[in-house]
K.L.:
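I'd like to ask some things about the structure below.
Atoms within a ligand are numbered from 1 in the order they appear, just like the ligands themselves. Throughout, residue positions are numbered sequentially from 1 according to the sequence presented.
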Amino acid sequence: MRVIIEPSAEHGSQRAAAIVAQLIRKKPRAILGLATGGTPLKLYQELIRMHQSEGLDFSRITSFNLDEYVGLPPTHPQSYRHFMTENLFRHINIDIRNTHVPDGRALDYETYGSQYETMIDEAGGIDFQILGIGRDGHIAFNEPGSSLGSRTRLKTLAPETIRDNARFFGTAEDVPRLAITMGVGTILESKKCILLAFGKEKAEAIAATVEGPVTAQVTGSALQFHRDVVVILDEESASQLQRRSYYDEVEEAHRRLQSGEVK
Ligand code: GLP
């Protein structure tokens with residue numbers, strides 16, 4: 001895992017956007033895995049800015065979102081499809097037919113889950129997965145206890161997640177109890193992934209994910225098995241990491257390599 005600690009969420013999001021933009025320029029038909037929640041918002045704003053002022057071209061990009069609440073139609077203001085439309089898709093030139101968000105109203109979720117997996121496979125697999133993390137260390141909606149080999153399926157939300165997401169719905173009673181989510185195994189198959197976390201309320205989850213043992217109780221920790229993960233943090237979310245000085249050293253070494261100071 002490469003751990004990059006930036007001074008703020010703004011800096012972290014710009015760093016992440018630069019990595020995404022580099023991939024898009026190199027591979028205009030890239031398959032992106034997208035996340036929702038408060039964390040990636042600044043990253044999406046930066047990608048929109050790059051599209052509008054630097055011509056970053058999304059016209060041949062395909063996207064797959066991680067998850068969706070069960071029972072919400074795509075037009076519901078709290079559905080993740082609506083979130084993506086409002087916060088990214090309608091501001092860039094992505095072809096909406098190439099954007100995929102799990103269907104929260106599929107009738108047969110088992111069949112639908114494997115269809116979603118097949119769609120990802122047929123597109124060529126996810127080149128680049130963007131991830132946030134829940135306070136309990138979950139990625140997508142893979143709540144504590146999720147199998148680390150899991151695939152796209154139905155998941156019952158944990159009480160902490162319902163409480164955390166109540167801020168978007170008004171009350172906890174209004175938060176759906178079920179979601180359809182990519183599995184941990186699905187996420188581990190992405191070719192590259194970026195985990196973003198900002199703010200002190202994520203510090204514990206990040207310490208467990210990056211430095212703790214791999215456990216289904218903290219599904220983010222499964223990323224320790226991923227072939228290419230970049231973790232982008234701000235000072236607050238990094239505050240409980242034990243090996244902070246080493247991560248800074250690694251970044252310094254990267255900087256020197258890039259600037260040609262090290263041959
Ligand atoms: C939800 C989403 C996750 C997200 C998490 C954290 O559970 N399913 O993908 O990472 O919330 O959200 P936020 O970024 O708002 O803290």
K.L.:
Can you tell me which portion of Asp67 lies within the under-4.0 Å heavy-atom range of ligand 1? Options are side chain, backbone, both, or neither.
P.N.:
side chain

K.L.:
Please classify the Ala179 to ligand 1 contact at 4.0 Å (heavy-atom distances, strictly less than): side chain, backbone, both or neither.
P.N.:
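Near ligand 1, Ala179 shows nothing, with every heavy atom at 4.0 Å or more.
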
K.L.:
Nearest 0.5 Å please: distance from the CD1 atom of Ile232 over to the CD1 atom of Ile19.
P.N.:
4.0 Å

K.L.:
Taking Glu6 for the side chain and Arg15 for the main chain, is one N or O donor matched with an acceptor at less than 3.5 Å?
P.N.:
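No; judged by distance alone, with no hydrogens or angles, the pair does not exist.
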
K.L.:
Pull out every atom of ligand 1 sitting under 4.0 Å from any heavy atom of Ile133, numbered as shown with elements.
P.N.:
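Numbered from 1, ligand 1 contributes 6 (C), 10 (O).
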
K.L.:
For atom 3 (C) of ligand 1, what's the nearest protein heavy atom and its distance?
P.N.:
Ala140 O, 3.5 Å

K.L.:
Does the ring center of Phe58 lie less than 6.0 Å from the ring center of Phe89?
P.N.:
no

K.L.:
Between Glu251 and Arg255, does any side-chain N to carboxylate O distance fall below 4.0 Å?
P.N.:
no

K.L.:
Closer than 4.0 Å to some heavy atom of Phe141 - which atoms of ligand 1 meet that?
P.N.:
1 (C), 7 (O), 8 (N)

K.L.:
Looking only at heavy atoms, is any part of Arg167 under 4.0 Å from ligand 1, and if so is it the side chain, the backbone, or both, or is it neither?
P.N.:
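Side chain only.
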
K.L.:
Taking distance alone, with no angle check, do Phe168 and ligand 1 share an N/O pair under 3.5 Å?
P.N.:
no

K.L.:
Quick check: Tyr69 with Phe169 (ring centres under 6.0 Å apart)?
P.N.:
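Distance test on ring centres: under 6.0 Å, yes.
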
K.L.:
Would Arg135 count as a contact residue for ligand 1, given that I'm defining contact as a non-hydrogen atom of the residue lying under 4.0 Å from a ligand atom?
P.N.:
no

K.L.:
Taking only Lys NZ, Arg NE, NH1 and NH2, and the carboxylate oxygens of Asp or Glu, determine whether Lys42 and Glu10 approach each other closer than 4.0 Å.
P.N.:
yes

K.L.:
Within a radius of less than 6.0 Å around CD of Gln22, do more than 12 heavy atoms belonging to other residues, nucleotides or ligands occur?
P.N.:
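For Gln22, atom CD is not crowded (no more than 12 foreign heavy atoms under 6.0 Å).
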
K.L.:
Considering the heavy atoms of Tyr80, write down every atom of ligand 1 situated less than 4.0 Å from one of them.
P.N.:
1 (C), 2 (C), 8 (N)

K.L.:
Give the residue, atom name and distance (to 0.1 Å) of the protein heavy atom nearest atom 4 (C) of ligand 1.
P.N.:
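Atom 4 (C) of ligand 1 sits closest to the protein heavy atom Thr36 O, 4.1 Å.
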
K.L.:
Against heavy atoms of Gly37, which atoms of ligand 1 measure under 4.0 Å?
P.N.:
14 (O), 15 (O)

K.L.:
I need the nearest protein heavy-atom contact for atom 14 (O) of ligand 1: residue, atom name and distance, please.
P.N.:
Thr39 OG1, 2.5 Å

K.L.:
For the pair Glu68 and Arg105, find out whether any cationic side-chain nitrogen is under 4.0 Å from an anionic carboxylate oxygen.
P.N.:
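Answer for the salt bridge query: no.
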
K.L.:
Which of the atoms in ligand 1, numbered in the order shown and given with their element, are less than 4.0 Å from a heavy-atom of Gly132?
P.N.:
10 (O)

K.L.:
Look at atom 16 (O) of ligand 1 and say which protein heavy atom is nearest, naming residue and atom and giving the distance to 0.1 Å.
P.N.:
Lys202 NZ, 2.6 Å

K.L.:
Tell me, please: is His138 in heavy-atom contact with ligand 1, that is, under 4.0 Å?
P.N.:
yes

K.L.:
So does Phe198 get a backbone contact from the side chain of Glu236, meaning a donor-acceptor N/O pair under 3.5 Å?
P.N.:
no

K.L.:
So among His226, Gln129, Arg151, which one has a side chain to side chain contact (heavy atoms under 4.5 Å, CB included) with Glu189?
P.N.:
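One option only clears the test, and that one is Arg151.
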
